[in-house]
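Computed from heavy atoms alone, side chains included, the values below leave out hydrogens, waters and symmetry copies.
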Amino acid sequence: MVLRAPGELSLRVHPRGAVVLPVIALAALAAAVVLVGTGDYPLSPAEVIAVLTGGGTPGQRFVIHELRLPRALLALLVGTALGLAGAVFQAVSRNPLGSPDIIGFTQGAGVGALTVIVVFGGGAAAVSLGAVVGGLLTGVLVYLLAWRRGVHGYRLVLVGIGAAAILTAVTGYLMTRADIVDAARAVLWITGSLNGRDWTQLWPLLIACVVLVPLILSRGRRLTLLEMGDDAASSLGVRPESTRLVVLIGAVLLTAVATAAAGPIAFVALTAPQLARRLTRTPGPNLLPAAAMGALVLCAADLAAQAAFGDRQLPVGAVTGMLGGGYLLWLLAVERRAGRL
């Protein structure tokens, strides 16, 4: 369905997608409210909403505003960033395996952070900076190695998988060089966790999302045309390589900053775009639904990490890794049956 305004402005709206997107977004917000109320001092959703709107007791306000709200907001933002980045990489590569945690960018951010921990003994701010630098350097390297009169499809995925394997080996080497204290800290970080996160981790990610999310969304129509092939996109006025470069830079930055905030949380960027596309059943990268689905998946995974295993809380990265690994096996089987692998 196409909506036309006076003048030359028009907007294409897919009715199913227009319904599914707010449903996913509301489900993500509801999961975040439940997440805020989960813990040793449980609160009902009504109590959480009352505190967020200015009510509640002083004790409830302290628990929510100082301890739990940053974690829930971080889960929403990290999920949004990873879901959107995954949609960009899958659209650019035209491959459902084109995901930051499959093609090396998450591993690059992890190596940057581990280098700061193991070699320099840096604090939290330095570790975050190392993760961003590592992710950016990996992005530049993969892009240059995949370049051959442009960056296309399976070449980007294959180069990225090779880079991920090398970076995983570097991670193992750094772990063997660490002392016991740094090794324990590194293991917790590379698993991916929202435990103990506060407002200091939230603000840089929020600023990055405010800048980068609109930048990527503004290229959504061009990404849709790129999925038709470079020749078709060029004939419709799209500059393929400049469009790819802009959205890839934005996606790499989102991945790096999200990894700096919560560690390399696996498989959210892989699964969220595919789940969103299956729900909306609309062509194109489905950027907004993928972002909302990423937020929902990460909030639900963090709830499971806190509540599904009794008194023993798991890092959220362990939960997404278990669920995402099964999804990856299923996706590989589907791609093989379809003759694409």
Under 3.5 Å, which donor-acceptor pairs link side chains of residues 66-82 to any protein atom two or more places apart or in another chain?
from	atom 1	to	atom 2	distance (Å)
Arg68	NH1	Val36	O	3.1
Arg68	NH1	Tyr41	O	2.9
Arg68	NH2	Tyr41	O	2.8
Arg71	NE	Asp302	OD2	2.9
Arg71	NH1	Asn195	OD1	2.9
Arg71	NH2	Asn195	OD1	2.9
Arg71	NH2	Asp302	OD1	2.9
Arg71	NH2	Asp302	OD2	3.4
Thr80	OG1	Leu76	O	2.7

Kindly indicate whether the side chain of [X], heavy atoms from C-beta on, has any atom under 4.5 Å from the side chain of [Y].
X	Y	answer
Tyr143	Val252	no
Thr57	Phe62	no
Val187	Met175	yes

Worked verdict on Val211 versus Leu215 for side-chain contact (heavy atoms from CB on, under 4.5 Å): CA-CA 7 Å; Val211 174; Leu215 174 68; 5.9 Å; no
Gap separating the [atom1] atom of [X] from the [atom2] atom of [Y], nearest 0.5 angstrom:
X	Y	atom1	atom2	answer
Thr259	Leu205	OG1	CG	10.0 Å
Leu296	Leu26	CG	CG	11.0 Å
Trp199	Leu206	CH2	CG	9.5 Å
Leu137	Leu167	CG	CG	10.5 Å
Ile249	Arg244	CD1	CZ	13.5 Å
Ile24	Thr280	CD1	OG1	7.5 Å

Yes or no on side-chain contact (heavy atoms from CB on, under 4.5 Å) for Val297 and Phe267, after CA distance, side-chain angles and deciding distance? CA-CA 10 Å; Val297 167; Phe267 291 114; over 6 Å; no
Check this for me: [X], atom [atom1], are more than 12 non-hydrogen atoms of other residues, nucleotides or ligands nearer than 6.0 Å?
X	atom1	result
Arg278	CZ	yes
Trp203	CH2	no
Ile180	CD1	no

Testing the basics here: between [X] and [Y], what is the closest heavy-atom pair and its distance to 0.1 Å?
X	Y	value
Ala87	Ala290	CB-CB, 3.7 Å
Leu194	Ala262	CD2-CB, 3.7 Å
Ala131	Ala256	O-CB, 4.2 Å
Val319	Ala304	CG1-CB, 4.3 Å
Ile117	Ala186	CD1-CA, 4.4 Å
Val51	Gly56	CG2-CA, 3.9 Å

In the single-linkage hydrophobic clustering (I, L, V, M, F, W, Y; side-chain heavy atoms under 4.5 Å), do [X] and [Y] co-cluster?
X	Y	value
Leu202	Leu212	yes
Val268	Val213	yes
Leu287	Leu248	yes
Ile216	Val257	yes
Leu35	Leu43	no

Say whether, by atom type as modelled, one donor and one acceptor occur between the side chain of [X] and the main chain of [Y] under 3.5 angstrom.
X	Y	answer
Gln306	Leu303	no
Arg197	Ala261	yes
Gln90	Leu270	yes

Donor-acceptor pairs under 3.5 angstrom involving side-chain atoms of residues 102-115: please list them, not counting sequence neighbours.
from	atom 1	to	atom 2	distance (Å)
Gln107	NE2	Asp101	O	3.0
Thr115	OG1	Val111	O	2.7

side-chain contact (heavy atoms from CB on, under 4.5 Å) between Leu217 and Leu84: does it pass, once the steps are laid out? CA-CA 9 Å; Leu217 293 179; Leu84 184 58; 4.3 Å; yes
Could you please spell out the steps behind the side-chain contact (heavy atoms from CB on, under 4.5 Å) verdict for Val246 and Arg222? CA-CA 11 Å; Val246 170; Arg222 302 178 196 180; over 6 Å; no
